[in-house]
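Report on the following structure.
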Amino acid sequence: MFSNKDNSEQDLPAPATNEGRRGRFGLEKGLALLLLLTLAAILGERWILGTSMTLTANDGFLSHYSDGAEGGGSVSEVTDPDAIGGRCRLADQAEYAFCGFELILGPRRQNGLDLTNFDRIKLFLDYEGPTKTIRLYLRNYDPAYSKPEANDSTKYNQIEFEADMVKQGEPLEFSMADFFVANWWFQRYRIAPELTHPQFDNIVVIEVQTGSTPVPGEHLIKLKKIELTGQVLSTEHWYQGILGAWLIVALAFLAGRTVTLKRELSRRGERERELVEINSLLDRRGRELEEKVKTDPLTGAFNRQGIEEAIELGLAERRQGKPMSLIMLDVDHFKQVNDSHGHPTGDRILSGLSHLVQENIRGSDLFARWGGEEFVLVCRDTGLKDAAGLAEKLRALLEGQSFGEPVTITASFGVATLGARENLEHLFVRVDDALYAAKERGRNRVEVAF
């Protein structure tokens with residue numbers, strides 16, 4: 001007989017344990033890989049996200065200006081078309097003297113370059129002259145404050161540095177955070193306070209100019225190129241992305257673990273219910289058979305206890321969508337055989353019947369003696385039509401067989417297939433009814449329970 005304790009201890013834990021070990025091993029490998037990727041992302045941030053840009057005089061239109069346009073005496077000229085700059089002579093005058101050079105990047109000074117992803121700037125600058133400081137402007141166009149008809153309405157992002165810092169052949173490097181907005185600009189246009197911060201999303205003019213304290217004389221300015229470096233994402237956004245990736249992985253793991261646990265609990269519950277169902281059925285129908293062996297000593301067929309394995313496998317395959325059918329057969333008028341020819345003759349007929357049936361069924365089918373002259377054939381992965389065909393084949397083989405005895409036999413068959421939501425007890429009731437119908441309708445026939 002089945003034992004719930006024995007089956008649950010022998011069958012269930014081992015698969016669950018192996019699956020759990022494989023799951024933990026896979027999780028550990030996944031976490032180790034994610035940690036390595038995170039470490040690489042942190043240490044290699046600049047290399048992964050790094051971006052750069054180089055600007056020269058060839059990337060726009062060169063222009064120069066001086067206070068001469070406002071009545072002053074200073075003059076300027078471009079002396080090298082491959083550099084931003086040229087010669088500037090500041091006049092010795094009472095009015096404020098200045099001159100400068102521009103690289104215009106956008107047509108009509110409205111559409112320029114987005115430099116927001118850059119955090120460092122290098123100036124490859126040569127200078128000769130008496131000035132104390134030099135100014136660099138990165139001028140930004142924004143319709144919120146800029147006017148197409150007013151060139152100086154672009155925001156003047158400014159940096160001013162000592163001229164002594166310029167050394168021939170060595171670049172000057174600054175942080176973009178060093179830039180500030182020129183006071184005179186937001187005062188002239190009465191800019192709202194929230195718009196007075198540096199802005200680099202649409203730079204239309206790069207401008208180099210003499211310092212805020214004018215020194216009369218000749219000034220030679222030559223800005224050969226500008227190099228900008230930065231990241232396609234800010235460090236803050238990069239770390240937010242890493243944290244987001246960890247969060248997504250954690251949520252995915254929790255979701256996957258939840259689904260796995262639900263499936264495992266469902267499988268265990270179904271398994272336990274099936275074991276209880278099998279035990280209950282076999283206990284009720286086989287109380288008189290207490291033999292511990294699985295084989296009937298007379299016929300060589302399995303006994304009731306022996307069909308446990310076949311039914312259990314058939315139930316497991318049903319969860320995979322495979323059908324299981326039962327064929328029940330009974331030797332017709334067998335009592336008369338025993339009464340007329342004796343029990344030894346009847347025993348030899350039953351033994352011969354068992355061997356004949358087992359020679360004509362598949363290895364996956366299981367043939368068992370159910371009691372007396374009644375037998376059960378468990379057909380795994382077999383639908384009703386195929387099971388009925390097998391029963392008809394066996395009926396024809398048995399018809400008229402004597403197995404060396406002075407009497408021939410026939411047998412009646414009942415066939416049924418386990419329904420999707422049907423339990424075993426109901427299946428046996430149906431196959432019993434089909435067998436009874438075969439006897440009632442004349443014996444030596446196959447009846448199918450639909």
Side-chain angles (χ1 to χ4, degrees), residues 15-55 105-106 111-123 136 138-146 155 157-159 171-181 186 191-204 206 226-268:
T17 300
N18 292 336
E19 183 178 348
R21 288 174 179 172
R22 289 194 298 270
R24 286 193 295 273
F25 181 66
L27 174 62
E28 290 171 359
K29 290 202 300 183
L31 286 176
L33 178 60
L34 191 57
L35 283 172
L36 289 175
L37 291 175
T38 300
L39 184 62
I42 293 174
L43 297 179
E45 175 191 353
R46 193 72 180 185
W47 181 80
I48 296 171
L49 302 178
T51 184
S52 63
M53 179 184 293
T54 300
L55 296 173
L105 300 173
N111 299 309
L113 298 176
D114 184 357
L115 305 183
T116 53
N117 288 330
F118 300 101
D119 55 15
R120 306 292 297 178
I121 184 170
K122 282 184 181 181
L123 307 178
L136 178 73
L138 300 180
R139 293 166 55 183
N140 198 83
Y141 182 91
D142 189 329
Y145 48 74
S146 302
K155 181 180 288 187
N157 302 291
Q158 168 184 332
I159 188 171
L172 297 174
E173 184 170 1
F174 301 97
S175 168
M176 296 295 281
D178 295 333
F179 282 82
F180 60 93
V181 178
F186 60 76
I191 301 298
E194 64 270 15
L195 297 176
T196 59
H197 304 290
Q199 184 178 351
F200 304 101
D201 60 350
N202 188 26
I203 300 299
V204 294
I206 297 175
I226 298 172
E227 287 185 358
L228 298 119
T229 55
Q231 298 182 173
V232 294
L233 285 178
S234 67
T235 298
E236 177 183 1
H237 289 158
W238 182 239
Y239 286 147
Q240 287 175 351
I242 294 174
L243 290 175
W246 273 97
L247 179 61
I248 291 173
V249 169
L251 291 176
F253 169 75
L254 289 175
R257 186 60 178 161
T258 300
V259 171
T260 300
L261 288 174
K262 286 183 177 179
R263 288 177 179 172
E264 181 64 23
L265 289 174
S266 177
R267 284 196 297 267
R268 289 190 176 212

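Because the structure is predicted, anything quoted here is derived from the model rather than measured.
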For this session: Please identify each residue that fulfils ring-ring contact (aromatic ring centres under 6.0 Å, His included) with Phe186, with sequence neighbours left out.
Result: none
Exercise. What distance separates Lys262 NZ from Leu265 CG, expressed to the nearest 0.5 Å?
Worked result: 10.0 Å
Exercise. Can you name the residues that form a side chain to side chain contact (heavy atoms under 4.5 Å, CB included) with Asn117, not counting sequence neighbours?
Worked result: none
Exercise. In chain order, what residues pass the side-chain hydrogen bond (donor to acceptor under 3.5 Å, both in side chains) check against Thr38, with sequence neighbours excluded?
Worked result: Trp246
Problem set entry | Partner residues of Asp119 under the salt bridge (Lys or Arg N to Asp or Glu O under 4.0 Å) criterion, sequence neighbours left out | Arg46
Problem set entry | Least distance between heavy atoms, Ser52 atom then Thr229 atom | CB-CG2, 4.1 Å
Seminar exercise, completed: Between the CD1 atom in Ile226 and the CG atom in Leu172, the distance rounded to the nearest 0.5 Å is 11.5 Å
For this session: Could you pull out all residues at least two apart from Phe174 that satisfy ring-ring contact (aromatic ring centres under 6.0 Å, His included)?
Result: Phe161
Exercise. Under the side chain to side chain contact (heavy atoms under 4.5 Å, CB included) test, which residues partner Ser175, sequence neighbours left out?
Worked result: Arg120, Ala177, Asp178
Exercise. Between atom NZ of Lys155 and atom CG of Leu138, what is the distance when rounded to the nearest 0.5 Å?
Worked result: 12.5 Å
For this session: Only counting residues at least two apart or in another chain, list the ones meeting side-chain hydrogen bond (donor to acceptor under 3.5 Å, both in side chains) with Gln158.
Result: none
For this session: Check side chain to side chain contact (heavy atoms under 4.5 Å, CB included) between Val232 and all other residues, then give those that pass, not counting sequence neighbours.
Result: Leu49, Thr51
Problem set entry | Pairwise side-chain contact, Ile203 with Asn157, heavy-atom cut-off 4.5 Å (strictly under) | yes
For this session: To the nearest 0.5 Å, tell me how far Leu123 CG sits from Leu228 CG.
Result: 8.5 Å
Exercise. So Leu247 and Leu251, side-chain contact (heavy atoms from CB on, under 4.5 Å) or not? Walk me through it.
Worked result: CA-CA 6 Å; Leu247 179 61; Leu251 291 176; 4.1 Å; yes
Exercise. What is the distance from atom CD1 of Ile121 to atom CZ of Phe200, rounded to the nearest 0.5 Å?
Worked result: 8.5 Å
Problem set entry | Nearest heavy atoms of Asn140 and Ser146, plus distance in Å | O-OG, 3.9 Å
Exercise. Does the side chain of Asn202 pick up a donor-acceptor pair with the side chain of Asp142 at under 3.5 Å?
Worked result: no
Problem set entry | Spacing of CG belonging to Leu55 relative to CD1 belonging to Ile206, to within rounding of 0.5 Å | 4.5 Å
For this session: With sequence neighbours excluded, tell me which residues meet side-chain hydrogen bond (donor to acceptor under 3.5 Å, both in side chains) with Asn111.
Result: none
Exercise. So do the side chains of Tyr141 and Leu105 get within less than 4.5 Å of each other, counting heavy atoms only?
Worked result: no
Seminar exercise, completed: Taken in chain and number order and not counting sequence neighbours, the residues that satisfy side-chain hydrogen bond (donor to acceptor under 3.5 Å, both in side chains) with His197 are none
For this session: Scan for salt bridge (Lys or Arg N to Asp or Glu O under 4.0 Å) pairs involving residues 227-252, sequence neighbours excluded, and state none if there are none.
Result: Lys225-Glu227
For this session: With sequence neighbours excluded, tell me which residues meet ring-ring contact (aromatic ring centres under 6.0 Å, His included) with Phe118.
Result: none
